[in-house]
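Following: one structure in structure tokens, then a few remarks.
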Amino acid sequence: MSWQSELDEMERRARFARQMGGADSVAFHHGRGKLTVRERIDLLTDPGEFQETGVLAGNPQWDGDELTGLTPANSVVGVARINGRKVAVQGDDFTIRGGSADGMIGTKGGWAQRHAYMNRIPYVRLLDATGGSVKHFEQLGRTYVVGPEVGGGTGVDDLLWYMPVVNVVLGSVAGAPAVIAADGHFNVMVKGTSQLFVGGPPVVKASRGLDISKEELGGEDVHVYGNGVVQNLAETEEDAMQQARRFLSYLPQNVWEMPPRIEPTDDPERREEKLVSIIPRNIRRIYNARKILDWVLDEDSFFEIQPHWGKSRITGLARVDGYPVGVMINNPRENGGSPNKATSEKIMRMISLCETFHLPLIYFCDEPGFSVGPADEQSGIIRTGARLMLTSRLSQMPYLVFITRQAYGVAGGLQYRRGNALYRRYAWPSAHWGSMHIEGGVTAAYRREIREADDPEAKRLEIEARLNEIRSPLRTAHAFGIEDMIDPRDTRPLMVEFVRDAQSYIEQSLGPTARIPYLP
């Protein structure tokens, strides 16, 4: 006796599900310049490596005992491979009820999260959903207190301490999915077609009486350039998927595994001559910080995270001798490289990411100190700076610092590692440091002497010149106030040595850490 007829019927019903919201709905979706959820999954994952779960979940239509149609659940879930490694994937299907909660079937909406948690693999969500809908109340015949009926099972917050979580915003995302979009280790939205908001324009109109467009309310100007909720901006959906793939390539599958190394092709002993002259002698002149990264990291390995927000610090992931690392460098072209509230939040995210997944963090320090002025004080820079200081001190990932130019004030002191975690620090001959800048500090410390002088301005310049004579980093080295002064051309070989040494430390430190809170 064969079960072939049942297998044929299963396949027939699966074909109904793969039609998604139907030809007209798919055509409308394409007409807005957007891909379907299945097309998106194909772009995200390795070819032929998506294994779908729950394809038959949906609302069937019957003619007697004959199934005539099937409206599938409005999420597609399964396991795939990205860069050859397994991930759990969930994609919202906007062609069915706009991805809203009343299109869910059973607990399918939380399956991928639970599967990622149980199997210790990354979780990627392709967001194109509007959250709850009042039509759901009518279907239920009642309302409900928000709780286990929304999502159900393991939530994203359960994953964040253990497995990489990536959110790709691909449409108008509102309500609970909008919060999910911010709750990950990396998120990206698409220019011109993605929006993110707690409540969309109709809700804003009803509650505030304000007419506003989706872009004005939650487009990239708001969330990428404005508040930093979304880290990266993609030009197209294809670009968004490539960014998600690349981000995951630097991270382990979970906190119990070593970060993945690839076979390096770059010379570990490479010494770039241009490093000798990249830092101007005139301290008021700026330079291109990204060139330093290009010259010392593995070639073409730097993946910048959050380039459009908190721009006085450049942060991202890269490789050194094939090993993944976190990278930070002050950007003197933006606010002189001085961190304001936004930049401080950005730095904490990078520290948190490296701490969670045991990545060495390499910092090229040209730190003039926290940003100062009325706007910074009103933003709460003192509170944010205190949080950054605590986060830095509690972190235990391997930490390598090159002081390339400045290290001043409380912010400048964050290049120093307390405790017994793996740490090394080097200084270029262009470096200088102190509790505060001589130029600003003289006016405060020598106020009376300057005021009582016959020529106050000449006296101020005289004192500054006297103090500048003792600013040489070599004087600090004589007192062992800095461990090693180096030729800038030795930066890459020393990085390679440190990252190689860090591997045994990382191997002994694997597992979850509760030293610092995860910072979305």
Side-chain angles (χ1 to χ4, degrees), residues 160-161 164-167 182-188 224 227-232 243 246-252 255 259 289-290 292-293 296-297 301-320 323-331 334-335 337-367 370 384-402 411-417 421-423 495 498-499 502 506 513 515-520:
L160 292 173
W161 297 98
V165 176
V166 173
N167 294 303
D183 210 4
H185 300 108
F186 178 69
N187 52 22
V188 57
V224 176
N227 57 35
V229 166
V230 176
Q231 293 164 300
N232 281 31
Q243 290 194 42
R246 190 171 183 193
F247 175 81
L248 288 172
S249 73
Y250 296 94
L251 298 183
V255 299
R290 287 182 172 83
I292 294 178
L293 302 185
V296 299
L297 300 169
S301 73
F302 182 60
F303 175 62
E304 188 167 357
I305 297 176
Q306 215 148 23
H308 305 296
W309 189 73
K311 294 192 288 185
S312 61
R313 183 78 63 95
I314 298 167
T315 63
L317 300 174
R319 291 187 181 274
V320 174
Y323 294 103
V325 298
V327 179
M328 303 191 302
I329 185 169
N330 294 83
N331 182 10
E334 297 287 342
N335 200 32
S338 185
N340 56 16
K341 181 179 180 181
T343 301
S344 299
E345 295 282 356
K346 178 177 173 177
I347 296 167
M348 284 188 278
R349 290 181 184 179
M350 177 52 59
I351 294 173
S352 176
L353 181 68
C354 293
E355 178 79 7
T356 299
F357 294 107
H358 309 289
L359 298 181
L361 180 59
I362 302 173
Y363 174 33
F364 297 89
C365 176
D366 181 5
E367 179 56 78
F370 283 116
T384 307
R387 289 174 53 221
L388 174 56
M389 184 167 61
L390 180 61
T391 299
S392 299
R393 288 179 176 177
L394 291 176
S395 64
Q396 295 292 296
M397 75 273 158
Y399 191 29
L400 173 63
V401 174
F402 294 93
L414 298 181
Q415 46 74 32
Y416 183 67
R417 162 59 60 81
L422 185 61
Y423 168 72
M495 284 171 52
F498 176 82
V499 173
I506 293 170
T513 175
R515 286 183 291 265
I516 59 175
Y518 169 70
L519 299 167

Hey, could you give me the [atom1]/[atom2] distance between [X] and [Y], rounded to the nearest 0.5 Å?
X: Met348; Y: Leu353; atom1: CE; atom2: CG; result: 14.5 Å
X: Arg349; Y: Thr391; atom1: CZ; atom2: OG1; result: 12.5 Å
X: Ile292; Y: Asp366; atom1: CD1; atom2: CG; result: 8.0 Å
X: Leu361; Y: Glu355; atom1: CG; atom2: CD; result: 10.0 Å
X: Met328; Y: Thr315; atom1: CE; atom2: OG1; result: 8.5 Å
X: Asn331; Y: Ser338; atom1: CG; atom2: OG; result: 12.0 Å

Exercise. Establish, yes or no, whether a centroid distance under 6.0 Å links the rings of Phe498 and Phe402.
Key: no
Within-4.5 Å side-chain heavy-atom neighbours: [X] and [Y]:
X: Arg313; Y: Met350; value: no
X: Phe247; Y: Ile305; value: yes
X: Leu317; Y: Leu359; value: yes
X: Ile506; Y: Pro360; value: yes
X: Ser312; Y: Asn330; value: no
X: Val255; Y: Thr356; value: yes
X: Val327; Y: Glu304; value: no
X: Phe357; Y: Met397; value: no

If you take all heavy atoms of [X] and [Y], which pair is closest and at what distance?
X: Asn232; Y: Val224; answer: O-CG2, 4.3 Å
X: Asp183; Y: Asn167; answer: O-ND2, 3.5 Å
X: Leu414; Y: Phe370; answer: CD1-CZ, 4.5 Å
X: Phe186; Y: Gln231; answer: CA-OE1, 3.0 Å
X: Thr343; Y: Asn340; answer: N-OD1, 2.9 Å
X: Leu422; Y: Ala502; answer: CD2-CA, 3.5 Å

Quiz item: Regarding Ser344 and Thr384, is there a side-chain donor-to-acceptor distance under 3.5 Å anywhere?
Solution: no
Exercise. Go through the steps to decide whether Val320 and Leu297 satisfy the test side-chain contact (heavy atoms from CB on, under 4.5 Å), and finish with yes or no.
Key: CA-CA 6 Å; Val320 174; Leu297 300 169; 4.0 Å; yes
Exercise. Report the residues that fulfil salt bridge (charged side-chain N to carboxylate O under 4.0 Å, His left out) with Arg319, sequence neighbours left out, ordered by chain and then residue number.
Key: none
Self-check item: Test salt bridge (charged side-chain N to carboxylate O under 4.0 Å, His left out) applied to Arg393 - qualifying residues, sequence neighbours left out
Solution: none
Donor-acceptor under 3.5 Å ([X] side chain, [Y] main chain):
X: Lys346; Y: Gly310; answer: yes
X: His185; Y: Leu160; answer: yes
X: Glu345; Y: Ala342; answer: no

Practice problem: Please lay out, stage by stage, how Gln396 and Thr513 fare under the test side-chain contact (heavy atoms from CB on, under 4.5 Å). | Solution: CA-CA 9 Å; Gln396 295 292 296; Thr513 175; over 6 Å; no
Quiz item: Taking the inter-plane angle between the rings of Tyr416 and Tyr423 on a 0 to 90° scale, is it parallel (under 30°), tilted (30 to 60°) or perpendicular (over 60°)?
Solution: perpendicular
Quiz item: Who are the side-chain hydrogen bond (donor to acceptor under 3.5 Å, both in side chains) partners of Tyr250, not counting sequence neighbours?
Solution: Arg246
